[in-house]
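This report refers to the structure that appears directly beneath it.
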There are 2 protein chains.
Amino acid sequence: MSEEVIWLRPEHAAVGRPAERSRAEITAAAIGLADREGLDAVSMRKVAAELGTGAASLYRYVANRDDLLDLMADATAAEYELRPPSGDPLADLGVLGTRSLAIMRRHPWLPTLVLTRSTLGPGGADLLEHFLTVVDGLPLDATAKMEGFALLQGFIAMYAHHEAGAEGELMRRQTAYLAHVAGDGGHPRLAAVFAEAGDTGADRFPGLLRRVLTGLLGDIGA
Amino acid sequence: MSEEVIWLRPEHAAVGRPAERSRAEITAAAIGLADREGLDAVSMRKVAAELGTGAASLYRYVANRDDLLDLMADATAAEYELRPPSGDPLADLGVLGTRSLAIMRRHPWLPTLVLTRSTLGPGGADLLEHFLTVVDGLPLDATAKMEGFALLQGFIAMYAHHEAGAEGELMRRQTAYLAHVAGDGGHPRLAAVFAEAGDTGADRFPGLLRRVLTGLLGDIGA
DNA sequence: AGCCGATCGGGTACGGTGTTCGCAAACACC
DNA sequence: GGTGTTTGCGAACACCGTACCCGATCGGCT
């Protein structure tokens with residue numbers, strides 16, 4: 001029944017009783033739920049309740065929960081506003097990365113999905129095509145371009161993931177522990193880092209993004 | 001009860017009935033289970049069964065399942081064989097990254113944990129200290145060094161994660177879909193990538209690692 | 001107009017999960 | 001030897017993803 005990715009399976013059958021809902025509608029409900037209460041709240045029952053129906057009904061639209069997560073992740077790609085390349089790949093990738101971060105800030109659950117199951121649907125494919133267009137002139141082979149795309153997406157997801165958890169309880173505990181270890185005498189460099197501290201509110205993203213990009217492009221066009 | 005990270009809580013009480021097991025023993029059982037059957041198989045019941053006891057008993061050693069996952073991830077850091085810096089940071093980071101990849105290949109579940117909850121325990125702290133020692137002479141501020149550590153770990157986890165799933169069913173479906181999209185006429189660059197193909201078995205890791213590292217270190221010392 | 005074939009809707013049920021509660025058992029110490 | 005404290009762990013709870021089944025509902029054909 002589900003031997004292929006969901007986007008290769010027909011959404012509705014051609015004959016029989018017509019469906020009352022659509023994949024898009026269910027995806028929207030799931031995204032709203034995740035935005036409000038986090039990814040763990042996206043259970044089949046809760047999404048179904050959001051639509052005023054029962055959990056079993058969702059399986060008419062989606063083979064399993066992972067399919068739904070894939071739909072959610074791919075749907076966010078519609079929030080890009082892809083512009084034709086300007087001719088300056090580094091600048092274009094900077095803009096692309098910034099947009100990506102903005103989207104992930106809007107959907108705090110997205111980094112987790114990107115990092116653990118990076119599935120590409122129609123939206124992801126369009127995004128990938130755009131990326132390939134931007135890096136078209138660069139002296140990179142096909143594999144390197146694909147690696148670049150994955151690496152860029154992954155890096156931004158990591159940044160957003162970290163940023164989203166920065167104010168959370170887990171991060172508080174982590175720094176508390178590292179501070180503890182830094183004071184045990186056996187980790188002088190770590191202690192030095194804590195001393196230098198300097199958690200100035202400056203946004204580190206642009207600089208980091210540039211570093212990653214220069215690494216990606218093989219230090220051309222800096 | 002569990003306001004702090006598990007490594008800041010005493011493993012055993014000083015008085016009363018002595019415990020029959022240890023965190024290390026439980027961690028080892030969980031790691032064995034994960035190595036054999038994957039991370040999803042690491043349920044409290046299954047881990048307990050591995051030790052010939054009941055699920056509830058584990059909660060005397062661990063506050064919840066996430067604590068156990070943190071213990072597992074940190075325990076793998078013991079598999080590093082950290083050597084004193086040679087004076088060539090780029091080379092040292094190269095061997096460090098290679099070791100990291102080897103460990104993640106041994107424990108296919110590790111990348112997921114590193115990517116989603118990058119908690120540092122005693123092992124992670126030692127690793128971080130080692131990293132800081134290696135990059136000590138470089139003209140980077142404290143924040144940049146910490147970012148470099150996170151980025152390096154994250155990148156290697158992504159690589160290992162992708163590599164582990166390369167032969168799997170999900171990846172097969174993904175490429176099947178992308179091939180389908182590449183043939184729809186609307187994604188010429190993607191089609192070009194498929195045409196260039198060239199999935200030669202060459203190991204891409206060393207080159208990729210070098211790229212990421214040069215990006216990290218601000219293109220010094222290449 | 002009426003039937004028929006096929007799909008949809010969704011209640012119910014199954015097996016599994018993380019976690020809490022409560023109590024009996026086991027030890028260290030006075 | 002009693003006592004205080006901790007551990008071991010079966011039972012129970014709430015929730016999860018998912019399979020099954022059957023009545024409801026439609027389009028197309030006769």
Side-chain angles (χ1 to χ4, degrees), chain A residues 1-3 6 9-27 29-30 33-34 37-72 109 112-113 116-117 169-170, chain B residues 1-3 6 9-27 29-30 33-34 37-72 109 112-113 116-117 169-170:
Chain A
M1 154 63 174
S2 71
E3 301 259 301
I6 186 170
R9 300 197 303 268
E11 174 156 8
H12 300 303
V15 296
R17 172 180 175 179
E20 296 179 6
R21 273 169 281 268
S22 66
R23 283 178 188 166
E25 197 176 344
I26 292 172
T27 306
L33 197 58
E37 309 180 29
L39 201 56
D40 287 343
V42 179
S43 72
M44 301 305 271
R45 277 173 243 261
K46 289 203 186 117
V47 172
E50 201 86 356
L51 296 164
T53 179
S57 305
L58 298 186
Y59 288 89
R60 296 286 174 189
Y61 300 87
V62 143
N64 48 45
R65 181 173 183 263
D66 283 350
D67 264 7
L68 180 53
L69 297 183
D70 288 344
L71 287 178
M72 292 171 64
W109 43 269
T112 306
L113 288 188
T116 56
R117 16 181 48 240
E169 172 68 8
L170 268 77
Chain B
M1 157 59 177
S2 70
E3 302 258 302
I6 187 170
R9 301 196 302 268
E11 173 155 8
H12 300 304
V15 295
R17 172 178 174 178
E20 297 179 6
R21 275 169 279 268
S22 65
R23 283 178 188 168
E25 196 175 345
I26 292 172
T27 306
L33 197 58
E37 309 179 29
L39 200 54
D40 286 344
V42 180
S43 73
M44 301 304 271
R45 276 173 245 262
K46 291 207 187 111
V47 172
E50 201 87 355
L51 296 164
T53 179
S57 305
L58 299 185
Y59 288 89
R60 295 287 174 194
Y61 300 87
V62 143
N64 46 46
R65 181 172 183 263
D66 283 350
D67 264 7
L68 180 54
L69 297 183
D70 289 344
L71 286 177
M72 291 170 65
W109 43 269
T112 307
L113 288 188
T116 56
R117 45 178 28 244
E169 172 67 9
L170 268 77

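Residue numbering restarts at 1 for every chain, and letters A, B, ... go by the order of the sequence lines.
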Quick one: which of [options] gets closest to the side chain of [X]?
{"X": "A/S57", "options": "C/dG22, C/dT7, C/dG10", "result": "C/dG10"}
{"X": "A/T53", "options": "D/dT18, D/dT7, C/dG10", "result": "C/dG10"}
{"X": "B/A56", "options": "D/dT18, C/dG9, D/dC9", "result": "D/dC9"}
{"X": "A/A55", "options": "C/dG9, D/dT18, C/dC8", "result": "D/dT18"}

Atom [atom1] of [X] and atom [atom2] of [N]: how far apart are they, to the nearest Å?
{"X": "A/E20", "N": "D/dA24", "atom1": "CD", "atom2": "P", "value": "14 Å"}
{"X": "A/R21", "N": "D/dC26", "atom1": "CZ", "atom2": "P", "value": "14 Å"}
{"X": "B/L58", "N": "C/dT20", "atom1": "CG", "atom2": "C1'", "value": "14 Å"}
{"X": "B/H12", "N": "D/dT6", "atom1": "NE2", "atom2": "P", "value": "14 Å"}
{"X": "B/L68", "N": "C/dT17", "atom1": "CG", "atom2": "P", "value": "14 Å"}
{"X": "B/K46", "N": "C/dG15", "atom1": "NZ", "atom2": "C1'", "value": "11 Å"}
{"X": "A/R45", "N": "C/dG11", "atom1": "CZ", "atom2": "C1'", "value": "11 Å"}

Legend entry - Sugar-phosphate only, base, or nothing, as touched by A/V62 at under 4.0 Å among non-hydrogen atoms: nothing
Inset, instruction - Between B/R17 and B/D40, name the one whose nearest nucleotide on DNA chain C is closer to the 5' end. - result: B/D40
Inset, instruction - Report the residue (B/S43 or B/A14) whose heavy-atom-nearest nucleotide on DNA chain C is the more 5′ of the two. - result: B/S43
Inset, instruction - Answer yes or no: side-chain N or O of B/R60 and base N or O of D/dG8 forming a donor-acceptor pair under 3.5 Å. - result: yes
